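Okay, structure first, notes after.
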2 protein chains.
Amino acid sequence: MKIGELSAATGVSVRSLRYYEDQKLLTSIRLDNGYREYSPLAIEQVQTIQLYLTLGLSTEQISSFLHCVLKNKEAFCAEVLPIYERKLKEIDDRIVELTQLRTNLIDRIRSIRDEQS
Amino acid sequence: MKIGELSAATGVSVRSLRYYEDQKLLTSIRLDNGYREYSPLAIEQVQTIQLYLTLGLSTEQISSFLHCVLKNKEAFCAEVLPIYERKLKEIDDRIVELTQLRTNLIDRIRSIRDEQS
DNA sequence: ATAAACCCTGACATCAATGTCAGGGTCAAG
DNA sequence: CTTGACCCTGACATTGATGTCAGGGTTTAT
């Protein structure tokens, strides 16, 4: 499968597929003409990468456990849990931050409205 | 007041003060030697800028109403409210997004823990 | 054989406030 | 007069996945 086909099959841009390879998330062999050739398994692999990206993980984090997850169930990859937990803490912290901002903004909006009425 | 003094008085770096001027948030006059000279009012002005930055507004947004806010109370500046409301919506959207991500992560963490026990 | 559709690499742009460095002028105290 | 502490401008770096373009080779269908 050539890169354009993999892109069509996954909805991921050609640019991104090359980037994933750069980041060691995806491998391909090269044909004599220099074109990348992908195994059919690459489709599932790309979908897995996308899944982790939408979870907010970085390519670096993904690369640290992807080799394992592609062979086993997540639960058997010891690297996954700590990364999930770190990410969860990041998200919780960020939600707290945004919530405080939100409260502050709402107060200020109310003040303006009150002064105008 | 020279830029270093303003920086000391506000806790804002010299680099940032120059940037604010670039972005039309702050003005200064120039002495014969090319140095910036600030009025004592600049201290309060910088603190006001900082306040809006911590609310998550961009320098561009701030510059759109700062001239008004420095002269009047916020409530009399018609430009402020719509910007606050837009920002509030952004924050709410982001909180929803993060909350979904959070739920997803928690589910995955639980699955892993369940499978291991 | 030619054109369209693919593929390749390398590089710059995005967002935005701030850090940092280089190269150079100014001022104040000893 | 020298040294250290300021000040100036201009420019590159940061973050990170992706878009986009240039310049050039390959393949495929007509």
Side-chain angles (χ1 to χ4, degrees), chain A residues 1-38 42 45-64 66 83 86-87 90-91 93-94 97-98 101, chain B residues 1-39 42 45-64 66 83 86-87 90-91 93-94 97 101:
Chain A
M1 181 170 24
K2 279 183 296 185
I3 197 167
E5 298 172 275
L6 181 57
S7 171
T10 58
V12 173
S13 74
V14 168
R15 173 69 175 87
S16 293
L17 293 176
R18 295 203 187 104
Y19 178 67
Y20 297 162
E21 186 166 325
D22 228 51
Q23 303 298 303
K24 320 283 185 201
L25 299 181
L26 193 56
T27 55
S28 63
I29 60 171
R30 294 303 180 112
L31 301 179
D32 288 346
N33 57 18
Y35 287 14
R36 289 173 180 80
E37 176 69 22
Y38 295 95
Q45 222 164 316
V46 170
Q47 286 165 347
T48 303
I49 294 168
Q50 285 293 104
L51 166 70
Y52 290 121
L53 283 175
T54 64
L55 278 177
L57 303 187
S58 67
T59 55
E60 192 184 353
Q61 289 175 317
I62 298 171
S63 77
S64 74
L66 187 64
I83 289 180
R86 199 170 320 136
K87 190 72 202 174
E90 268 177 47
I91 290 175
D93 290 350
R94 184 70 181 138
E97 207 178 310
L98 287 175
L101 226 52
Chain B
M1 182 169 24
K2 279 184 295 185
I3 198 167
E5 297 171 275
L6 182 56
S7 172
T10 59
V12 173
S13 73
V14 168
R15 174 70 176 86
S16 292
L17 293 176
R18 294 201 187 106
Y19 178 68
Y20 297 162
E21 186 167 324
D22 226 50
Q23 304 296 304
K24 319 283 185 203
L25 299 182
L26 193 58
T27 56
S28 62
I29 60 170
R30 294 305 178 110
L31 301 180
D32 287 347
N33 57 19
Y35 287 14
R36 290 173 178 80
E37 177 68 22
Y38 295 96
S39 123
Q45 220 164 318
V46 170
Q47 286 165 347
T48 303
I49 295 170
Q50 284 294 104
L51 166 71
Y52 289 121
L53 283 175
T54 63
L55 278 176
L57 303 186
S58 66
T59 56
E60 193 184 352
Q61 290 174 316
I62 298 171
S63 77
S64 73
L66 187 64
I83 290 181
R86 199 170 319 137
K87 190 71 202 174
E90 268 178 47
I91 290 175
D93 289 350
R94 185 68 181 140
E97 207 178 309
L101 226 51

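So you know, we letter chains A, B, ... as the sequences are listed, proteins then strands, and number each from 1. As the structure is a prediction and not an experimental result, all values here were calculated from the model.
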Base, sugar-phosphate or nothing for A/Arg36? Non-hydrogen atoms, less than 4.0 Å. sugar-phosphate
5'-most by nearest nucleotide on DNA chain D - B/Glu5 or A/Leu53: B/Glu5
What's the CG-C1' distance between A/Leu17 and C/dT9, to the nearest Å? 16 Å
Using atom NZ of B/Lys2 as one end and atom P of C/dG25 as the other, report the distance to the nearest whole Å. 18 Å
Could you tell me whether a side-chain N or O of B/Glu37 sits under 3.5 Å from a main-chain N or O of B/Met1, the two making a donor and an acceptor? yes
Could you work out which one of C/dT9, C/dG25, D/dG19 sits closest to the side chain of A/Ser13? D/dG19
Heavy-atom closest pair, residues A/Leu98 and B/Arg94: CD1-CG, 3.5 Å
Salt bridge flag under 4.0 Å for residues B/Glu21 and B/Arg18: no
Can you find a donor-acceptor pair, distance only, under 3.5 Å between B/Arg15 side chain and C/dT20 base? yes
Whole Å only: how far is the CD atom of A/Glu21 from the C1' atom of C/dG10? 15 Å
Rounded to the nearest angstrom, tell me the gap between atom CD in A/Gln23 and atom C1' in D/dA17. 9 Å
Partner of B/Val12 under side-chain contact (heavy atoms from CB on, under 4.5 Å), chosen from B/Ile49, B/Leu53, B/Leu17: B/Leu17
Is it true that A/Glu90 and A/Lys87 have a side-chain N and a carboxylate O under 4.0 angstrom from each other? yes
Whole angstrom value for the distance that separates P of C/dA16 from CD1 of B/Ile62: 12 Å
If you only use heavy atoms from C-beta on, which nucleotide in C/dC7, C/dG25, C/dT18 is closest to the side chain of B/Ser16? C/dT18
Mind checking ring pair (Phe, Tyr, Trp, His ring centres under 6.0 Å) for A/Tyr52 and listing every partner two or more places apart, or none if nothing turns up? A/Phe65
Is there a side-chain contact between B/Asn33 and the phosphate of D/dC7, meaning an N or O under 4.0 Å from OP1 or OP2? no
Among the candidates C/dA17, D/dC8, D/dA17, find the nucleotide nearest to the side-chain atoms of B/Ser58. C/dA17
Distance check needed: C/dC12 P versus A/Arg18 CZ, whole Å only. 18 Å
Less than 4.0 angstrom between a side-chain N/O of B/Tyr20 and OP1 or OP2 of C/dT18, yes or no? yes
Rounded to whole Å, CD1 of B/Ile3 lies from C1' of C/dC27 at a distance of 17 Å
Is any side-chain nitrogen or oxygen of A/Thr59 closer than 4.0 Å to OP1 or OP2 of D/dA17? yes
Can you tell me how far CD1 of B/Ile3 sits from CZ of B/Arg15, rounded to the nearest 0.5 angstrom? 10.5 Å
Residues in residues 24-31 of chain B with a heavy atom under 4.0 Å of DNA chain D, by number, are B/Arg30
B/Tyr19 has its side chain closest, among C/dC27, C/dA17, D/dG25, to C/dA17
Whole Å only: how far is the CD atom of A/Glu37 from the P atom of C/dC8? 11 Å
Measuring from B/Gln45:CD to B/Tyr38:OH, what's the distance to the nearest 0.5 Å? 10.0 Å
